[in-house]
Amino acid sequence: MRPSSAPGRLSLQQFAMAEDSLAIRSLDWNRDRFDIEFGLRNGTTYNSFLIRGERTALVDTSHAKFRDSWIPTLQDLVDPARIDVLVVSHTEPDHSGLIGDLLELNPDLEIFASRVAIQFLKDLLHRPFRSQAVKSGSRLDLGINPESGIHHQLEFISAPNLHWPDTIFSFDHGAGVLYTCDAFGLHFCSEEGLDSDPEAIAPDFRFYYDCLMGPNSRSVLQAIKRMEALPAVKTIATGHGPLLQHHLARWVEDYRSWSQQRSRSQAYAAVCGISGYGFCDPLSRAVAHGIGKTSAQVQLVDLRGTDPHELTALIGEAQAVVLPTPPTAADGDLQQNIGTMLAALHSKQLVAIYEAYGGDDEPIDTLAAKLRQLGTRPAFAPLRIRETPAEAVYQRCEEAGTDLGQLLMRDKTMRAMKSLDASLDKALGRISGGLYVVTAAQEGRSSAMVASWVAQASFSPPGITIAVARDRAIEALLQVGDRFVLNILSQDNHQQLLRHFLKRFSPGADRFAGVQVLPKAAPGGAVLADALAFLGCCVRQRLEAGDHWIIYAEVESGRVADQQGQTAVHHRKVGNHY
């Protein structure tokens with residue numbers, strides 16, 4: 001395993017990861033955001049692969065930011081003119097950013113990709129190229145490598161919506177390698193190219209799944225079924241992060257169990273988008289992420305690439321549907337699918353709209369009028385977007401999704417609240433706690449919540465734990481490495497703050513309007529002027545605990561405003577809800 005440069009902002013790494021197969025990993029050490037709405041703490045990688053049979057194939061390219069290093073590295077490994085085939089797993093720019101450069105070096109290169117991906121590439125490249133559309137069951141024979149004697153034959157598996165509608169998996173029967181693009185990946189940048197230390201990467205593996213794969217849990221389970229029909233898979237070659245080889249059973253079972261948990265209920269929300277149009281992709285994922293935080297089921301649906309029959313089923317069976325404003329000049333296939341989607345809606349569904357901000361949107365009020373004529377009920381107020389989406393917009397979309405998810409889960413939540421044994425419920429309620437307000441802020445996003453499940457957890461370093469419900473808006477700002485402030489409320493002066501922060505806020509609303517805060521008193525969150533004391537904290541670990549996250553944080557700073565004051569204490573009567 002040999003890096004082409006020392007660790008820095010950008011570097012390249014190459015190593016043999018299977019018979020006649022090389023991994024070329026573009027290491028992006030300092031990337032701290034993904035698709036705008038998801039924060040990264042360990043950078044990421046963009047992985048491509050070289051397969052040598054009698055013919056040579058390249059699986060994916062890299063991000064355009066690696067142009068000056070990736071192309072020379074590839075040229076050191078093989079003459080680009082001798083590459084016969086480029087397999088495009090999907091066309092997102094971090095995987096397809098150098099396809100144009102490769103075609104400049106080899107105009108005769110033949111591209112194998114899904115039908116939707118080839119159409120996307122025509123719009124992206126603006127030049128002719130040889131191509132062949134593939135689907136599940138299609139095969140590409142690369143022939144026998146004359147040195148190893150291994151016959152390399154690729155079998156393709158359609159994996160729509162994981163997480164783009166044009167995604168395909170490719171299985172090399174000769175080497176036992178399954179190329180999965182985004183699926184099973186993780187944003188984790190290190191010189192270790194394989195999953196040698198599973199505990200080091202497990203949190204990022206789960207976070208990646210929750211953000212990108214969880215909203216399509218039904219599609220994940222379908223992909224796993226197709227994988228199980230293959231001969232023994234020895235390596236999963238992912239598009240991001242380390243390749244999975246040493247602990248395959250663990251990673252596949254994780255995906256299976258997480259997806260089964262998400263898909264257990266028949267009721268779900270379908271969040272629609274139009275791939276490649278405006279800001280549909282990140283906006284739809286933000287809404288879906290918010291819904292998923294409540295344990296409600298969610299399915300992302302692409303209106304451009306989904307088969308009409310599947311689209312009818314996904315929309316018609318959903319309990320709630322979230323739609324983008326479509327382009328007024330939609331192409332024939334997209335226009336047909338939009339008509340199919342509208343025809344599948346019915347009056348028992350909750351329906352909401354968000355603006356795609358694509359520059360040619362159908363007016364949002366026109367679409368709202370169509371939905372009223374169909375007799376659908378509004379799921380939440382239309383998300384109107386008047387400028388290029390920034391952090392606050394994605395927060396508003398996520399919070400709107402969370403509100404919808406809580407609405408879908410309302411009956412189930414009420415049943416669960418009534419299901420506990422009365423004696424147990426009352427006994428659990430006798431556990432008392434203090435009253436606190438947790439605040440957090442990052443790059444245009446801010447949030448706050450009332451907390452009572454707070455405890456000191458360590459002396460050295462000084463540390464605390466906070467239990468945070470999964471569907472809290474602030475949870476997204478409490479990832480490992482994030483900073484926040486714990487405001488400790490005073491027994492003699494807490495009612496006004498408590499009433500303020502316990503009220504229901506509309507998506508994206510300013511939690512601090514009308515509240516006096518101390519500017520720049522601590523990094524990471526607002527210090528409330530009327531708090532008894534505050535602690536500035538940094539998240540070090542997160543632990544899943546049923547319907548909550550347990551956040552362990554080190555205390556970095558703090559101050560008491562009233563040396564004689566006492567912490568407000570909270571006594572409950574029951575222990576199955578707040």
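Counting from 1, the numbers follow the sequence of the chain as shown. All values below were derived from every heavy atom in this structure, side-chain atoms included, with hydrogens, water molecules and symmetry-related copies excluded. Values in this document were obtained by computation on a predicted structure and should not be read as measured data.
Here the closest non-hydrogen pair linking Asp210 and Pro215 is O-CD, 3.6 Å. The minimum heavy-atom distance between Val252 and Phe184, with the atom names listed, is CA-CE2, 3.9 Å. For Leu345 against Leu371, the heavy-atom pair with the smallest separation is CD1-CD2, 3.6 Å. Nearest heavy atoms, Arg396 versus Ile385: NH2-CG1, 4.3 Å. In this structure, Asn42 and His187 approach most closely via the heavy-atom pair CB-O, 4.2 Å. The two residues Arg250 and Glu199 come nearest to each other via the heavy atoms NH1-OE2, 2.8 Å.
A salt bridge is defined here as a Lys NZ or Arg NE, NH1 or NH2 lying under 4.0 Å from an Asp or Glu carboxylate O, and Glu399 with Lys293 fails to meet this definition. Using a cutoff of 4.0 Å between basic side-chain nitrogens and carboxylate oxygens, Lys370 and Glu362 are scored as salt-bridged. Here Glu19 does not pair with Lys234 in a salt bridge; the nearest charged N to carboxylate O distance is not below 4.0 Å.
Tyr394 places none of its side-chain heavy atoms less than 4.5 Å from the side chain of His289. Looking at Glu155 and Phe169, their side chains never come closer than 4.5 Å, going by heavy atoms from C-beta outward. Side-chain contact between Ile111 and Ile99 is present, with heavy atoms from C-beta onward closer than 4.5 Å. Contact annotation: the side chain of Val87 approaches that of Phe156 to within less than 4.5 Å [non-hydrogen atoms, C-beta and beyond]. Proximity of Trp251 to Ile236: side-chain heavy atoms (C-beta onward) are nowhere separated by under 4.5 Å. Residues Ile51 and Val177 are not in side-chain contact: their nearest non-hydrogen atoms beyond the backbone lie 4.5 Å or more apart. Side-chain contact between Leu230 and Leu178: present, with at least one pair of heavy atoms (C-beta onward) separated by less than 4.5 Å. Counting only heavy atoms from C-beta outward, the side chains of Glu110 and Phe129 never approach each other to under 4.5 Å.
Considering OG of Ser26 and OH of Tyr46, their distance stands at 8.5 Å, rounded to 0.5 Å. Atom-to-atom distance recorded for Glu92:CD and Thr167:OG1 is 8.5 Å, nearest 0.5 angstrom. Atoms CD and NE2, from Glu317 and His346 in turn, are 9.0 Å apart once rounded to the nearest 0.5 Å. Here the OG-CG distance, from Ser96 to Asp60, works out to 8.5 Å after rounding to the nearest 0.5 Å. Taking CE of Met409 as the start and CD of Gln406 as the end, the distance is 10.0 Å to the nearest 0.5 Å. Expressed to the nearest 0.5 Å, how far NE2 of His95 lies from CG of Asn47 amounts to 8.5 Å.
Using modelled atom types, no side-chain atom of Asp281 and backbone atom of Gly273 make a donor-acceptor pair closer than 3.5 Å. When atom types are taken as modelled, the side chain of Arg285 and the backbone of Cys211 share no donor-acceptor pair closer than 3.5 angstrom. Proximity of a side-chain donor or acceptor of Arg226 to a complementary backbone N or O of Ser158 within less than 3.5 Å is detected. In this structure, Ser21 contributes its side chain and Met17 its backbone to no donor-acceptor pair below 3.5 Å. The main-chain N or O of Gln479 is found under 3.5 Å from a side-chain atom of Asp482 such that the two form a donor-acceptor pair. In this structure, the side chain of Asp28 does not engage the main chain of Gly43 through any donor-acceptor pair within 3.5 Å. Formation of a donor-acceptor pair under 3.5 Å by the Thr56 side chain with backbone atoms of Arg52 is not found in this model. At least one donor-acceptor pair under 3.5 Å links the side chain of Gln349 to the backbone N or O of Ile315.
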- List the steps, then state whether side-chain contact (heavy atoms from CB on, under 4.5 Å) holds for Val539 with Tyr552. CA-CA 6 Å; Val539 179; Tyr552 170 73; over 6 Å; no

- Item | Ser170 vs Val134, side-chain contact (heavy atoms from CB on, under 4.5 Å): CA-CA, chis, key distance, verdict | CA-CA 10 Å; Ser170 310; Val134 298; over 6 Å; no

- Query: Hey, mind stepping through Glu475 and Arg472 against salt bridge (Lys or Arg N to Asp or Glu O under 4.0 Å) and telling me if it holds?
  - Reply: CA-CA 5 Å; Glu475 181 271 338; Arg472 293 286 186 149; over 6 Å; no

- Test log, rule side-chain contact (heavy atoms from CB on, under 4.5 Å), inputs Arg139 and His173: CA-CA 10 Å; Arg139 296 206 176 205; His173 282 265; 3.7 Å; yes

- Task: Could you walk me through whether Thr45 and Arg31 pass side-chain contact (heavy atoms from CB on, under 4.5 Å), step by step?
- Result: CA-CA 9 Å; Thr45 75; Arg31 182 166 181 177; over 6 Å; no

- Task: Kindly determine whether Glu191 and Arg25 satisfy salt bridge (Lys or Arg N to Asp or Glu O under 4.0 Å), including the steps that lead there.
- Result: CA-CA 10 Å; Glu191 294 285 5; Arg25 302 176 71 234; over 6 Å; no

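For the ring-ring contact (aromatic ring centres under 6.0 Å, His included) with Tyr179, the qualifying choice from Phe171, Phe49, Phe112 is Phe49, the only one to do so. Tested against Tyr354 for a side chain to side chain contact (heavy atoms under 4.5 Å, CB included), the candidates Ile364, Leu383, Leu323 yield a single pass: Leu383. Here the rule is side chain to side chain contact (heavy atoms under 4.5 Å, CB included) with Thr294, and of Leu407, Leu408, Thr402 only Thr402 fits it.
Side-chain atoms of His152 and Asp141 form no donor-acceptor pair, as typed in the model, at a separation below 3.5 Å. No side-chain donor-acceptor contact under 3.5 Å links Ser259 and Ser217. Side-chain contact of Gln153 with Asp172: a donor-acceptor pair under 3.5 Å is absent, judged by distance alone. In this structure, a donor-acceptor pair under 3.5 Å is present between the side chains of Gln245 and Thr235. Using a 3.5 Å distance cut-off with no hydrogens or angles, the side chains of Asp302 and Ser275 do pair a donor with an acceptor. Residues Trp29 and Thr44 have side chains that never bring a donor and an acceptor to within less than 3.5 angstrom of each other. Inspection of the Asp182 and His240 side chains reveals an N or O donor paired with an N or O acceptor under 3.5 Å. Side chain to side chain, Gln132 and Ser138 fail the donor-acceptor criterion of an N or O pair below 3.5 Å. Looking only at atom types and distance, the side chain of Tyr209 has no donor-acceptor partner in the side chain of Asp254 under 3.5 Å away. Asp166 and Ser114 share no donor-acceptor pair across their side chains, judged by distance under 3.5 Å alone. No hydrogens or angles considered: a donor-acceptor pair under 3.5 Å links the side chains of Asp361 and Thr325.
Aromatic ring orientation, Trp258 versus Tyr255: tilted (interplanar angle from 30° to 60°).
Lys65 NZ: more than 12 foreign heavy atoms inside a 6.0 Å radius.
Ring-centre distance between His548 and Trp453: below the 6.0 Å cut-off. The distance between the ring centers of Tyr357 and Tyr277 does not fall below 6.0 angstrom.
Both cation-pi conditions hold for Arg218 and Tyr268: the charged atom is under 6.0 angstrom from the six-membered ring centre and inside a 45 degree cone around its axis.
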